[in-house]
Every structure is written in structure tokens, then in C-alpha cells.
**Q** 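Please see the structure below; I have some questions.
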There are 2 protein chains.
Amino acid sequence: MEQPIRIGIAGHGNLGRGVEAALANNPDMQLVGIYTRRPPEQLKPLQAGTPVHAMETMSNHAGLIDVLILCGGSKEDLPQQGPVLAALFNTVDSFDTHARIPEYFAAVDAPALANSKTALISAGWDPGMFSINRVIGEALLPDGATYTFWGKGLSQGHSDAIRRVPGVAGGVQYTLPVQEAVDQVRSGVRPTLSTRQKHTRECFVVLQEGADAEAVRSAIVTMPHYFDEYETTVNFISAEELRRDHGAMPHGGFVIRSGNTSVGNAQVIEYSLKLDSNPEFTASVLVAYARAVHRMHKLGQYGAKTVFDVPPGLLSPKSAEQLRAEQL
Amino acid sequence: MEQPIRIGIAGHGNLGRGVEAALANNPDMQLVGIYTRRPPEQLKPLQAGTPVHAMETMSNHAGLIDVLILCGGSKEDLPQQGPVLAALFNTVDSFDTHARIPEYFAAVDAPALANSKTALISAGWDPGMFSINRVIGEALLPDGATYTFWGKGLSQGHSDAIRRVPGVAGGVQYTLPVQEAVDQVRSGVRPTLSTRQKHTRECFVVLQEGADAEAVRSAIVTMPHYFDEYETTVNFISAEELRRDHGAMPHGGFVIRSGNTSVGNAQVIEYSLKLDSNPEFTASVLVAYARAVHRMHKLGQYGAKTVFDVPPGLLSPKSAEQLRAEQL
């Protein structure tokens with residue numbers, strides 16, 4: 001039996017807790033420590049006995065961790081932490097600000113290369129699994145079109161935006177794919193679809209006492225970038241209903257590549273996810289990629305990497321021989 | 001502009017013709033020759049002007065071809081050709097006898113390694129894309145179950161079996177997934193499904209003059225391995241109907257991984273294909289992997305490989321920088 005892969009978790013929000021849960025399903029890995037900015041004694045790990053440390057102590061633990069999974073946010077945490085920690089550890093993160101990926105990649109690549117570390121950025125499902133399917137779909141069907149639909153799913157960013165509207169005490173937003181558009185794409189035609197034709201947005205809002213429902217509704221549906229380009233529905237509910245019915249974090253979606261291999265022959269590839277818990281699934285992706293990072297590091301493949309650089313077999317705990325015999 | 005990748009095609013059946021069609025959609029590749037066991041002058045390439053050569057001349061052309069795509073069958077052709085040609089060329093093939101893959105891998109690996117060639121075996125969709133999704137699904141959701149459904153699709157092997165039944169003048173067989181089973185799996189429960197519960201088989205048969213329909217039906221539905229474990233329907237049609245309605249080679253199917261990341265949270269991953277032409281899609285996969293093989297060879301990655309060894313980014317004509325900027 002090989003030594004287990006020693007994993008550290010940096011950050012203990014929804015994603016960090018998801019990584020803890022995922023590690024329990026992967027016996028070839030061992031959680032050696034959780035690092036937090038909160039006072040460590042306040043943090044309750046899933047498994048009693050998991051060591052919890054202050055974030056500042058991490059640099060003393062470099063020799064004890066094979067791969068560090070960064071569970072901070074893409075806005076504030078990762079742009080700071082990613083480059084610093086890639087100089088000390090092999091890392092995996094879920095940086096998901098699509099437009100800033102090239103810049104973040106460069107910022108992580110230099111310290112990782114200089115210190116012979118392997119740093120995989122932007123793992124998860126989008127970016128991540130969806131990205132892989134966009135690239136493979138396009139490579140297999142060059143004469144074609146790619147469509148990404150999201151939902152039904154809770155959007156954290158849009159829920160935050162709702163909660164900033166004056167008069168709103170609480171709320172959540174779900175993104176829904178438009179079924180007619182999905183059906184059309186699945187049929188093998190290649191429609192041109194506007195933003196409004198692909199997704200609708202559904203909001204569940206708790207009003208502050210005395211707030212004007214119509215003013216709140218109007219402020220939401222006209223909000224630039226977030227809602228104005230979409231068909232948006234606003235439902236007013238009680239605080240109790242919000243707690244009871246909207247506490248989960250479901251998400252999902254599909255990537256469809258529709259193309260032709262000759263004039264008469266249409267081919268449709270679809271990859272879809274139906275997730276009860278968005279952060280737990282993202283965490284499971286990070287954990288599988290941590291295994292790949294550990295192996296790539298042992299092979300001397302240093303620097304920043306993305307999911308496009310990782311052979312699928314490296315994600316599996318099974319050997320190449322076993323995979324060929326059992327799963328090819 | 002880089003030099004185009006010089007591709008050779010060995011064998012010009014449905015798959016070889018599909019590769020020809022696929023190459024027309026990939027401007028970074030150039031078809032430099034088709035090799036056939038038939039008299040070369042009898043072969044009609046899709047593009048007039050494509051050089052056609054006798055199979056025996058291939059060994060004289062080693063320096064002219066970057067990757068040779070083997071389009072022979074898994075039963076007779078590839079076990080002979082694969083090891084011989086992997087000593088002379090970088091190769092890609094679609095060897096699909098699942099049970100014999102480890103043996104075939106070893107037979108190709110030795111000559112490829114000894115001659116510093118890269119030989120990718122068993123590309124296509126199953127084995128191939130479906131295999132990748134089985135491996136990734138299991139890696140992401142270790143607490144789960146994997147289901148592969150095929151169809152609706154024309155099965156070549158089963159159609160051949162029908163045509164060998166006494167009294168049969170012609171026929172085709174379609175494999176169909178059982179919708180209730182698919183729905184149950186998609187819902188996130190993990191049913192135990194027997195062979196009979198997953199697929200049905202539908203046959204369209206042309207009788208020879210004077211043949212006994214009931215005897216033919218009975219011979220088909222009780223045929224061991226091929227039909228006896230399935231719910232099989234036999235429809236009798238005219239030779240004209242067979243020609244008119246059953247000349248295409250549609251296929252497809254889905255790989256579903258259903259798992260839990262924690263007790264309450266089920267996650268479902270589905271990869272599905274809906275193919276108007278099975279051989280043209282398989283050919284498109286071979287062509288994309290030929291690009292990857294060319295790159296892996298340039299990186300010094302010699303020996304036999306499978307789809308599990310290939311980073312997704314190598315399938316795309318785009319650079320790693322472009323993929324990160326546009327498709328991550």
C-alpha cells in the first residue's frame with residue numbers, strides 16, 4: 001500500500017467543508033490539517049481530531065503536506081493566496097473569474113516554477129468539467145456550435161445582488177435554462193440564441209417591514225448586467241419560507257456540442273450535471289485533481305496547470321493497468 | 001503557420017471514409033495517402049487527387065507520414081496490423097474488443113517503444129469518450145454507481161448474427177435503452193439493473209422466399225449471448241423497405257454516474273451522444289487523437305497510450321494559452 005496523499009485545506013467555508021466530506025470518500029488521501037483565519041478553536045471539523053491551525057502557521061508546515069487545496073473565494077482570497085502559496089506547496093484551486101484566468105495563471109505559474117511546485121488552477125465544474133467538454137466537443141466536431149446552459153441552480157452572485165436592494169431582508173435567486181432553447185439545441189439544429197432566450201431568473205425575496213413590494217420588484221428586474229437582460233420573476237415569501245425551502249445549494253447545467261461530420265449527418269454531444277450541492281460537487285472535483293497534482297509533481301511537471309493539461313487517468317486512484325482492464 | 005500534420009489512412013471501409021470526411025474539417029491536417037488491400041485504382045477517394053496506394057507499399061512511406069490512422073476491424077485486422085505498424089509509424093486505432101485490450105496494448109507497446117513511436121489504441125466513443133466519462137465519474141463521485149446505456153443504435157455485430165440465421169435474406173438490429181431504467185438512474189437512485197432491464201433489441205428482417213417466419217423469429221430471439229437475455233422484437237419487412245429505411249448507421253447512448261457527496265446530497269453526471277453516423281463520429285475522434293499523438297510524439301512520449309493518458313488540451317488545434325483565455 002502506498003503512503004496516503006497528505007492533504008491540507010486552506011479556508012473552511014462551504015467549499016472547505018465540502019473538501020473535508022469528499023476526503024472521507026477517498027481512502028488514498030489523508031487530511032493532515034485545516035487552516036483558517038478564524039480562531040482555530042472556534043472551528044468544528046467534520047471529523048473530530050482533525051488538526052486545525054491558524055492560516056499564518058501554514059508556511060511552517062510545507063514539508064507535511066503533499067497538496068494544499070485552496071478553498072477561498074476568487075474575488076478577494078485567491079488572487080492574494082494563490083501566488084504566495086504556490087511557492088510553498090503543490091496547490092489546487094477553483095479560481096472562477098473566467099475573464100481573469102490568463103492573468104491569474106501567470107501570477108501562479110512563476111512562483112510554482114521557481115520553486116518546483118505544481119499548481120492547478122480553476123478546477124471545479126465551470127470552469128472545470130464544463131471547460132473540458134467545451135474543448136473536446138469542439139475538437140471532435142469542428143463544424144459545429146457549443147452551447148452552455150446553467151441551472152436549475154442557486155446563483156450566489158445574483159442572490160447577493162438581490163440582498164443589496166433597499167427594502168430586501170433576504171432572498172435567493174435561481175437560474176433556469178429555457179426548456180424550448182435546450183430542446184432546440186438537442187435536436188441538432190444550431191440556433192442563434194440571445195441571453196434572454198437561454199435562461200430565465202427566478203427570485204424569492206423577503207421584504208423588510210414596510211417595504212414597497214413593487215419598488216423592490218422593479219429595482220431587481222431592471223438591475224443592469226444582473227437582471228435587465230433576462231426574463232426575471234420575483235416571488236415574495238416569508239423569512240420562515242426562505243429558511244425552510246431555500247437553504248440548499250443545488251446547481252447544474254449542460255454543455256452541448258452540436259455539429260456535422262458530413263452534410264447529412266448531425267452529431268450531438270451533451271454533458272450534464274444535476275447537483276444537490278454545488279459546493280460539495282466542486283469540492284469533489286478539487287480532491288480528484290489533488291490526486292493528479294500529486295502525481296504530476298512526482299513526474300516533475302511543475303508550474304501552473306489547468307484541467308486541459310491533466311490526463312483523465314491521473315484523476316483515478318486506480319493504476320493505468322487496472323483502468324485499461326476494467327474501464328476502457 | 002505550422003506545417004500541417006501529415007496523416008495516412010490504412011483501410012477504406014466506413015471508418016476510413018469517415019476519417020477522410022473528418023480531415024476535411026481540420027485544416028491543420030493534411031491527408032497524404034490512403035492505403036488499401038484492394039487494387040488502388042478501384043478506390044474512389046472523397047477528394048479527387050488523394051494518393052491511393054497498395055497496403056504493401058506503406059513501409060516505404062514511413063518518413064512521409066506523421067500519424068497513421070488504422071481503420072481496420074478489431075477482429076481480423078488490428079491484432080495483425082497494430083503491432084507491425086506501430087514499429088514504423090505513430091498510430092491511432094479504434095480497437096474495441098474490450099476484453100482483449102490489455103493484451104493488445106502490450107502487443108503494440110513493445111514495438112512502439114523499441115522504435116520511439118507513439119501508438120494510441122482504442123479511441124472512439126466506446127471505448128473512448130464513454131471510457132473517459134466512466135473514469136472521471138468514478139473519480140469525482142467515489143460513493144456512487146456507473147451506468148452505461150447504448151442506443152438507439154444499429155449494432156453491426158447483432159445485425160451480422162441475424163443475417164446468419166437460415167431463412168434470412170437480410171436484416172438489421174437496433175439496440176434501445178429502456179426508458180424507465182434511464183429515468184430511474186437519472187433521478188439519482190442507484191438501481192440494480194439486469195441486462196434485460198437496461199436494453200431491448202429490435203430486429204428488421206427480410207425473409208428468403210419460402211422461409212418460415214415463426215421459425216426465423218424463434219431462432220433469433222433464443223440465440224445465446226446475442227438475444228436470449230433480452231426482450232427482442234422481430235419485424236418482417238421487404239427488401240425494398242430495408243434498403244429505404246435502414247441504410248443509415250445511427251448510434252449513441254449515455255454514461256451516467258450517480259453518487260453522493262454526503263448523506264443528503266445526490267449528484268448526477270451524464271454524458272450522452274446522439275449520432276446520425278456511428279462510423280463518422282468514431283472517425284472524428286480518431287482524427288482529434290491523431291493530433292494529440294503527433295504532439296505527444298514530439299514531446300518524447302513513446303509507447304502504447306490510451307485516451308486515459310491524453311490531456312484534453314492536446315486534442316484541440318488551439319494553443320494552451322488560447323484555450324485558457326477562451327474556453328476555461
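Throughout, protein chains are lettered first and strands after them, A, B, ... in sequence-line order, and every chain is numbered starting at 1. The figures that follow rest on heavy atoms only: side chains count, while hydrogens, waters and symmetry mates do not.
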**Q** Against chain A, work out which of B/D143, B/V285, B/L323 has the most heavy-atom pairs shorter than 4.5 Å and name it.
**A** B/L323

**Q** Under 4.5 Å from any heavy atom of chain A, what part of B/I101 do you find: side chain, backbone, both or neither?
**A**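 Answer is side chain: those atoms of B/I101 sit under 4.5 Å from chain A.
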
**Q** Side chain, backbone, both or neither: which part of B/V307 has a heavy atom under 4.5 Å from chain A?
**A**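 Both parts, backbone and side chain.
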
**Q** Mind checking the CG-OH spacing from A/L328 to B/Y104? Nearest 0.5 Å is all I need.
**A** 12.0 Å

**Q** Which region of B/L286, side chain (C-beta onward) or backbone (N, CA, C, O), has a non-hydrogen atom less than 4.5 Å from a non-hydrogen atom of chain A, or is it both or neither?
**A**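 When you check distances to chain A, no heavy atom of B/L286 falls under 4.5 Å.
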
**Q** Please report the interatomic distance CZ(A/F254) to CD(B/E270), rounded to the nearest 0.5 Å.
**A**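 It is 10.0 Å, given to the nearest 0.5 Å.
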
**Q** Could you have a look at A/R100, A/R134, A/E321, A/E103 and say which one has the most heavy-atom pairs with chain B under 4.5 angstrom?
**A**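 Heavy-atom pair counts peak at A/R134.
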
**Q** Within this structure, what is the CG-OG1 distance for the pair A/N25 and B/T261, rounded to the nearest 0.5 Å?
**A**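 That separation rounds to 8.0 Å.
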
**Q** Measuring from A/N133:CG to B/M129:CE, what's the distance to the nearest 0.5 Å?
**A** 9.5 Å

**Q** At a 4.5 Å cut-off on heavy atoms, which part of B/D96 comes close to chain A: side chain, backbone, both, or neither?
**A** neither

**Q** Can you tell which part of B/E138 gets under 4.5 Å to a heavy atom of chain A, answering side chain, backbone, both or neither?
**A** side chain

**Q** May I ask you to decide if A/A266's main-chain N or O and B/D276's side chain share a donor-acceptor pair within less than 3.5 Å?
**A** yes

**Q** Is the CZ atom of B/R190 crowded by more than 12 outside heavy atoms at less than 6.0 Å?
**A** yes

**Q** Sort B/S187 into side chain, backbone, both or neither according to what part of it lies under 4.5 angstrom from a heavy atom of chain A.
**A**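 Only the backbone of B/S187 comes within 4.5 Å of chain A.
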
**Q** Over all heavy atoms of both residues, which pair between B/V135 and A/S316 is shortest? Give the atoms and the distance, please.
**A**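 Distance-wise, the nearest heavy atoms are CG1-CB, 4.0 Å.
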
**Q** Can you tell me how far the CD atom of A/E280 sits from the CG atom of B/L141, to the nearest 0.5 Å?
**A**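 Going from CD on A/E280 over to CG on B/L141, the span is 11.0 Å.
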
**Q** Quick one: which of B/R324, B/K318, B/E326 has the most heavy-atom pairs under 4.5 Å with chain A, could you say?
**A**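 Answer, by heavy-atom pair count under 4.5 Å with chain A: B/R324.
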
**Q** Pick from B/G188, B/P312, B/A139: which one has the most heavy-atom pairs with chain A under 4.5 Å?
**A**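 Answer, by heavy-atom pair count under 4.5 Å with chain A: B/P312.
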
**Q** Among the options B/A325, B/S284, B/A288, B/P317, pick out the one with the most heavy-atom pairs lying under 4.5 Å from chain A.
**A** B/S284

**Q** Quick one: what part of A/R186 sits under 4.5 Å from any heavy atom of chain B, side chain, backbone, both or neither?
**A** both

**Q** Using non-hydrogen atoms and a 4.5 Å limit, figure out which bit of B/T306 sits close to chain A: side chain, backbone, both or neither.
**A** side chain

**Q** Within a strict 4.5 Å, meaning less than it, do heavy atoms of the B/Q267 and A/S277 side chains meet?
**A** yes

**Q** Check whether any side-chain heavy atom of A/F281 lies under 4.5 Å from a side-chain heavy atom of B/I269, and answer yes or no.
**A** yes

**Q** Considering only heavy atoms and a distance below 4.5 Å, find which of A/G128, A/P127, A/A248 pairs most often with chain B.
**A**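 Going by pairs under 4.5 Å, I would pick A/P127.
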
**Q** Checking heavy atoms, do the side chain of B/V310, its backbone, both or neither come under 4.5 Å from chain A?
**A** backbone

**Q** When heavy-atom pairs shorter than 4.5 Å are enumerated against chain B, which of A/G313, A/A320, A/G264 gives the highest number?
**A**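 Of A/G313, A/A320, A/G264, A/G313 has the most heavy-atom pairs under 4.5 Å with chain B.
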
**Q** Please round to the nearest 0.5 Å and tell me the distance separating atom CD1 of B/I136 and atom OH of A/Y271.
**A**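 Those atoms lie 7.0 Å apart.
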
